[in-house]
Amino acid sequence: MRKAIRSLIFGALAAVATAVPALAQGQPQAAGPTLAAVRARGVLACGAHPGAPGFSLPDSQGVYRGLDSDICRAIAAAVLGDATRIRWVALTSQQRLPALQSGQVDVLPRTTTWTHVRDTANGLNFTAVTFYDGQGFLVRRSANVQRARELDGATICVTSGTTNELNLADWARANNVRISPVVFDDNNETRRAYESGRCDAFTTDASQLAGVRTALSNPAEHVLLPDIISKEPLSPAVRHGDDQWFDIVRWTIFALIEAEELGVTQANVDEMLNSPNPAIRRLLGVAGDHGPLMGLDRRWAYNAIKAVGNYGEIFERNLGRETPIGLARGLNDLWTRGGLMYAMPIR
């Protein structure tokens with residue numbers, strides 16, 4: 001009897017031993033439901049903000065530009081090998097979560113804050129933070145307001161269906177500041193109301209306010225207050241229940257951050273294929289089977305970087321000092337330079 005039990009145990013261990021090398025060698029993972037659907041239709045359905053300068057905004061040709069738009073291009077390149085194979089779905093703040101939940105879009109990289117309720121009760125998975133933000137206030141310079149607490153008695157424009165609406169109420173209550181919120185359905189409507197004088201101030205994420213300011217008829221007449229009243233970690237979201245797709249989106253973002261840390265750029269990525277650096281070789285698919293472990297080609301990260309550059313390039317192109325928005329990296333710099341951008345190791 002003991003001999004038979006020992007034989008069963010050894011047999012089970014042998015089976016595990018043969019299975020582990022197969023996994024280590026990166027046997028291609030079968031396509032899960034979202035990956036299979038994206039490949040079948042040949043395009044990635046990407047949720048987009050209809051008007052957030054620096055993040056997601058159609059240009060004169062109708063092409064979406066911005067940090068969120070480039071994240072979507074990176075995912076399309078990683079999955080389909082072509083960053084242009086995207087169907088942009090413009091979504092208001094109220095539409096965005098239901099659109100993802102219902103399968104109208106495959107991924108939502110649309111200035112959406114990662115919160116507990118959205119991550120649990122709403123059936124979403126947030127993948128990785130692409131921008132660390134916080135809520136601020138935009139006011140007219142002529143009002144001579146220096147700090148947010150001086151807005152006592154003010155009317156404040158805010159967009160419904162956002163964390164900003166709740167944050168504003170919490171902040172006012174905690175600081176005993178009397179405000180009159182004026183709520184609108186989307187940011188463009190909110191901006192127009194503020195610019196027309198219906199509100200004393202406009203509140204949303206500080207980075208968006210910097211972009212909104214550039215779109216006003218006379219940006220110099222408006223100023224961002226220094227106060228930040230919330231944490232707004234912005235992250236692309238996917239639906240619960242498809243771990244493979246979650247991995248693909250998350251690790252594509254990590255690959256862009258890792259590329260910046262390793263000095264891999266859109267311009268030198270082909271040259272870097274010959275790098276002796278083991279981390280670069282794994283990132284670009286020269287070594288290892290990291291793509292097949294997610295059901296992708298070995299060059300998944302190479303394709304993403306070739307299409308849009310590394311995270312730093314994306315930031316500077318859309319939001320950086322040389323753009324009209326003119327943001328410093330701050331918290332969105334690499335961890336090696338005092339920021340919070342830190343990619344998990346690809347190994």
Side-chain angles (χ1 to χ4, degrees), residues 34 38 43-59 62-76 79 83 86-115 117-119 122-135 158-167 184-191 204-212 215 230-240 245-246 248-250 252-253 256 308 311 314-315 317-319 325 327 332:
T34 308
V38 171
V43 295
L44 176 72
C46 184
H49 197 299
F55 287 90
S56 174
L57 182 69
D59 62 16
V63 178
Y64 276 85
R65 305 293 182 189
L67 184 144
D68 289 344
S69 303
D70 280 345
I71 294 296
C72 211
R73 289 187 177 91
I75 298 167
V79 172
I86 296 173
R87 182 174 76 239
W88 303 101
V89 182
L91 301 167
T92 66
S93 297
Q94 294 86 354
Q95 294 169 337
R96 57 184 167 171
L97 302 186
L100 179 59
Q101 292 162 335
S102 67
Q104 184 181 353
V105 296
D106 303 309
V107 61
L108 185 68
R110 183 215 170 276
T111 55
T112 300
T113 301
W114 186 344
T115 70
V117 170
R118 288 173 175 174
D119 202 355
N122 288 343
L124 307 181
N125 278 333
F126 288 84
T127 52
V129 176
T130 53
F131 193 90
Y132 290 93
D133 212 342
Q135 185 170 337
V158 64
T159 305
S160 65
T162 64
T163 55
N164 306 133
E165 188 178 10
L166 301 176
N167 293 337
F184 300 92
D185 286 337
D186 65 71
N187 266 11
N188 285 331
E189 189 180 0
T190 312
R191 173 185 57 79
T204 186
D205 297 352
S207 63
Q208 289 193 52
L209 290 175
V212 164
S230 72
K231 294 182 292 185
E232 304 294 328
L234 308 181
S235 168
V238 296
R239 288 178 294 280
H240 274 175
W245 187 247
F246 172 81
I248 288 169
V249 175
R250 166 180 270 188
T252 299
I253 296 166
L256 300 176
V308 298
Y311 176 81
I314 294 170
F315 184 100
R317 178 167 62 242
N318 296 297
L319 298 164
I325 296 173
L327 296 184
N332 296 292

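Note that the structure is predicted; figures quoted are calculated from it, not measured.
Using modelled atom types, no side-chain atom of Gln208 and backbone atom of Asp205 make a donor-acceptor pair closer than 3.5 Å. Using a distance-only test at 3.5 Å, with no hydrogens or angles considered, a donor-acceptor pair links the side chain of Trp245 to the main chain of Asp106. The closest donor-acceptor contact from the side chain of Arg191 to the backbone of Val212 lies at 3.5 Å or more, if one exists at all. Looking only at distances, no side-chain donor or acceptor of Arg239 sits under 3.5 Å from a matching main-chain atom of Gly123. Remark: side-chain polar atoms of Ser235 are paired, donor with acceptor, to backbone N or O of Ala128 under 3.5 angstrom. Without hydrogens or angle criteria, Thr127 side chain to Phe246 main chain gives no donor-acceptor distance under 3.5 Å. Between the Asn318 side chain and the Gly54 main chain, no donor and acceptor come within less than 3.5 Å of each other. Side chain of His240 to main chain of Asp119: a donor-acceptor pair is present (N/O by atom type, distance under 3.5 Å, no hydrogens or angles).
Residues Thr162 and Ser93 bring no donor and acceptor atom of their side chains to less than 3.5 Å of each other. A donor-acceptor contact under 3.5 angstrom links the side chains of Ser230 and Glu232, judged on distance only.
Taking the six-membered ring for Trp and thresholds of 30 and 60 degrees, Phe55 and Phe131 have ring planes more than 60 degrees apart, a perpendicular arrangement.
Among Ser69, Pro109, Ser56, the single residue meeting the side chain to side chain contact (heavy atoms under 4.5 Å, CB included) criterion with Cys46 is Pro109.
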Original post:
Given the rule in the side chain to side chain contact (heavy atoms under 4.5 Å, CB included) test, do Leu57 and His49 qualify, once you have shown the distances and angles that lead to the verdict?
Top reply: CA-CA 7 Å; Leu57 182 69; His49 197 299; over 6 Å; no

**OP:** Applying side chain to side chain contact (heavy atoms under 4.5 Å, CB included), run through Val107 and Ile75 and close with a yes or a no.
**Re:** CA-CA 9 Å; Val107 61; Ile75 298 167; 4.2 Å; yes

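Two residues are said to be in side-chain contact when any heavy atoms from C-beta on lie closer than 4.5 Å; Thr115 and Thr163 meet this criterion.
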